[in-house]
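Chain A is the first sequence line, chain B the second, and so forth, proteins listed ahead of strands; every chain is numbered from 1.
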There are 2 protein chains.
Amino acid sequence: MPKRTDLSNTFCPLGRSAELLGDRAVLLILRELFFGRRRFETIVVTTGLGPQLVSARLKRLLSEGVIERHAYRDRPPRHEYRLTAKGRDLFDVLYALRGWAERWAYTPGETGGGPAMRYVHRACGADVGTATICPGCGEPLRYGELKGEPSPALRAEQAARSGG
Amino acid sequence: MPKRTDLSNTFCPLGRSAELLGDRAVLLILRELFFGRRRFETIVVTTGLGPQLVSARLKRLLSEGVIERHAYRDRPPRHEYRLTAKGRDLFDVLYALRGWAERWAYTPGETGGGPAMRYVHRACGADVGTATICPGCGEPLRYGELKGEPSPALRAEQAARSGG
DNA sequence: CTTGTTACTATGATTATCATAGTTACTATC
DNA sequence: GATAGTAACTATGATAATCATAGTAACAAG
């Protein structure tokens with residue numbers, strides 16, 4: 001393609017977000033990082049993306065300050081990728097994307113009644129559904145305060161991806 | 001490219017969302033629709049995308065049931081695009097993207113102190129900042145209950161785009 | 001000294017996106 | 001009634017991004 005118009009210098013906040021987050025690979029990589037999967041190979045396998053794409057997107061995320069490289073072994077040099085504060089603040093975005101899909105992207109019965117991914121508020125134990133405020137205690141939900149549990153179908157899919 | 005892996009049939013809700021919303025053009029088009037700009041040419045001009053891309057993305061959004069075509073004149077046949085309930089429910093996603101950018105995507109002083117886009121809760125008149133619960137009255141914020149006001153810089157940019 | 005692990009980069013085919021121009025079907029103005 | 005304008009697209013050719021597959025580099029373990 002010709003050089004596509006760069007929207008990162010627009011004054012519109014959504015335009016700026018779209019430039020980074022309007023990308024399938026970026027969203028998938030962020031999902032893995034939020035789940036605590038920090039290593040290159042793990043991300044390649046769990047997302048199903050090619051190593052070249054993952055490499056390119058990690059570089060972009062690094063340059064945007066959303067993630068940072070952290071050495072976990074010196075010889076041979078190995079590092080993992082962690083979300084920065086700026087990255088962790090994307091939780092609301094990912095949570096909203098997940099909530100919308102839970103409400104609209106499944107055919108009735110496809111998930112066996114419940115959500116594809118169940119979230120429980122650690123503080124009070126309530127199933128939060130797709131709410132942004134805990135239906136149990138009324139507190140706003142933040143990253144780290146939720147415990148995610150994949151449905152059996154999702155768990156099976158994840159296992160298949162890791163194994164094959 | 002080779003046929004990229006389709007993730008819409010994954011059981012992961014974020015994977016399903018990413019397939020549709022992990023796309024810069026889709027996000028930009030949705031922004032315009034949320035602002036009430038419903039016509040093809042308007043969307044082409046305000047997003048800065050080419051007509052072919054806009055056409056392709058509108059078709060995808062139609063087939064996903066996120067928008068619908070509505071005739072507003074018969075001779076010659078003219079139609080506009082409107083968000084469906086499924087589309088309007090994406091408000092949380094767009095609002096989260098906007099909030100993140102407001103907090104992280106501007107250099108200090110770039111917006112002249114305030115946000116690039118100011119939102120006011122119609123019900124109580126409070127400036128909501130980037131909150132999901134109104135800081136004035138404590139109510140959760142929903143689409144239609146907010147009044148958006150672009151900053152002077154953003155307003156100038158929008159005018160330049162429409163004019164040139 | 002062969003196999004395994006981790007984190008990549010290189011290659012070539014294929015497809016998406018871009019800018020620009022053209023099309024269709026009318027309405028409004030001169 | 002001929003010309004210009006508007007709205008909503010489609011067609012064309014160049015360029016860039018993405019994919020699957022394979023290969024590299026640096027070490028550890030057996």
Side-chain angles (χ1 to χ4, degrees), chain A residues 1-8 15 18-29 32-33 37-63 67-82 161-164, chain B residues 1-8 15 18-29 32-33 37-63 67-82 161-164:
Chain A
M1 325 178 225
K3 190 126 216 81
R4 74 184 202 180
T5 334
D6 183 12
L7 267 36
S8 41
E19 196 63 35
L20 177 66
L21 299 163
D23 183 287
R24 201 168 129 265
V26 164
L27 256 22
L28 261 20
I29 290 170
E32 299 308 324
L33 292 170
R37 301 186 185 116
R38 304 194 235 251
R39 298 192 189 171
F40 187 87
E41 279 300 308
T42 310
I43 293 171
V44 167
V45 172
T46 53
T47 57
L49 301 167
Q52 206 173 46
L53 226 205
V54 173
S55 172
R57 289 303 182 273
L58 287 174
K59 273 177 190 147
R60 186 187 293 177
L61 289 166
L62 280 167
S63 78
I67 60 174
E68 58 191 5
R69 260 164 80 116
H70 199 271
Y72 67 89
R73 191 168 65 187
D74 284 339
R75 306 172 52 75
R78 291 287 176 267
H79 29 260
E80 57 183 26
Y81 298 92
R82 294 184 187 170
R161 203 177 276 278
S162 302
Chain B
M1 327 178 221
K3 189 126 216 80
R4 73 184 202 181
T5 334
D6 185 10
L7 267 34
S8 40
E19 196 63 34
L20 177 66
L21 300 163
D23 183 286
R24 200 168 131 265
V26 165
L27 256 22
L28 260 21
I29 290 169
E32 299 309 323
L33 292 170
R37 302 185 184 118
R38 304 193 235 250
R39 299 193 188 169
F40 187 87
E41 279 299 308
T42 310
I43 293 171
V44 168
V45 172
T46 54
T47 57
L49 301 168
Q52 207 174 45
L53 225 203
V54 172
S55 173
R57 289 303 183 272
L58 287 174
K59 273 176 192 148
R60 184 187 295 177
L61 289 167
L62 280 167
S63 77
I67 61 175
E68 59 192 4
R69 260 163 80 115
H70 199 270
Y72 68 88
R73 194 167 62 187
D74 284 339
R75 304 170 52 77
R78 291 285 177 268
H79 28 260
E80 56 185 26
Y81 298 93
R82 293 186 189 170
R161 202 177 277 278
S162 302

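The salt bridge (charged side-chain N to carboxylate O under 4.0 Å, His left out) search around Arg78(A) returns none, not counting sequence neighbours.
For Glu80(B) and dT6(D), the CD to C1' distance is 16 Å, given to the nearest whole Å. Lys59(B) has its NZ atom 14 Å from the P atom of dA16(C), to the nearest Å. If you measure from atom CD of Glu41(A) to atom C1' of dG4(C), you get 12 Å, rounded to the nearest angstrom. Rounded to an integer number of Å, the gap from Arg39(A) CZ to dC8(C) C1' is 15 Å. In this structure, Leu58(A) atom CG and dC8(C) atom P are separated by 8 Å, rounded to whole Å. Atom P of nucleotide dA17(D) and atom CD of Glu19(A) are separated by 12 Å, given to the nearest angstrom. The nearest whole Å value for the distance from the CG atom in Leu53(A) to the C1' atom in dA13(C) is 16 Å. As rounded to whole Å, 11 Å separates atom P of dT17(C) from atom CD1 of Ile29(B).
Glu32(A) has its side chain within reach of Thr47(A): a pair of non-hydrogen atoms, C-beta onward, lies under 4.5 Å apart. For the pair Ile43(A) and Leu49(A), the minimum side-chain heavy-atom distance is 4.5 Å or more.
A donor N or O paired with an acceptor N or O is not found under 3.5 Å between the base of dC8(C) and the side-chain atoms of Gln52(A).
Look at Arg69(B) and you'll find a side-chain N or O under 4.0 angstrom from OP1 or OP2 of dC9(D). For Tyr81(A) and dC8(C), the shortest distance from a side-chain N or O to OP1 or OP2 is below 4.0 Å. Residue Arg24(A) places at least one side-chain N or O closer than 4.0 Å to OP1 or OP2 of dC19(D).
In this structure, the nucleotide among dT10(D), dT9(C), dC19(D) sitting nearest to the side chain of Pro51(B) is dT10(D). Side chain of Ser55(B), nearest nucleotide from dC8(C), dT18(D), dT10(D): dT10(D). Listed nucleotides: dC9(D), dC8(C), dT18(D). Nearest to the side chain of His79(A): dC8(C).
Side-chain atoms of Thr46(B) come within 3.5 Å of backbone atoms of Thr42(B) as a donor-acceptor pair (strictly under, hydrogens ignored).
Exactly one residue among Arg69(A), Arg39(A), Glu68(A) makes a side chain to side chain donor-acceptor pair (under 3.5 Å) with His79(A). That residue is Arg69(A).
In terms of heavy-atom proximity, Leu62(B) sits nearest to Ile67(B) at CD2-O, 3.5 Å. Closest heavy-atom contact between Leu20(B) and Arg60(B): CD1-CD, 3.7 Å.
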Under 4.0 Å protein heavy-atom contacts per nucleotide of nucleotides 25-30 of chain D, with B for base, S for backbone only and - for none: -BSS--
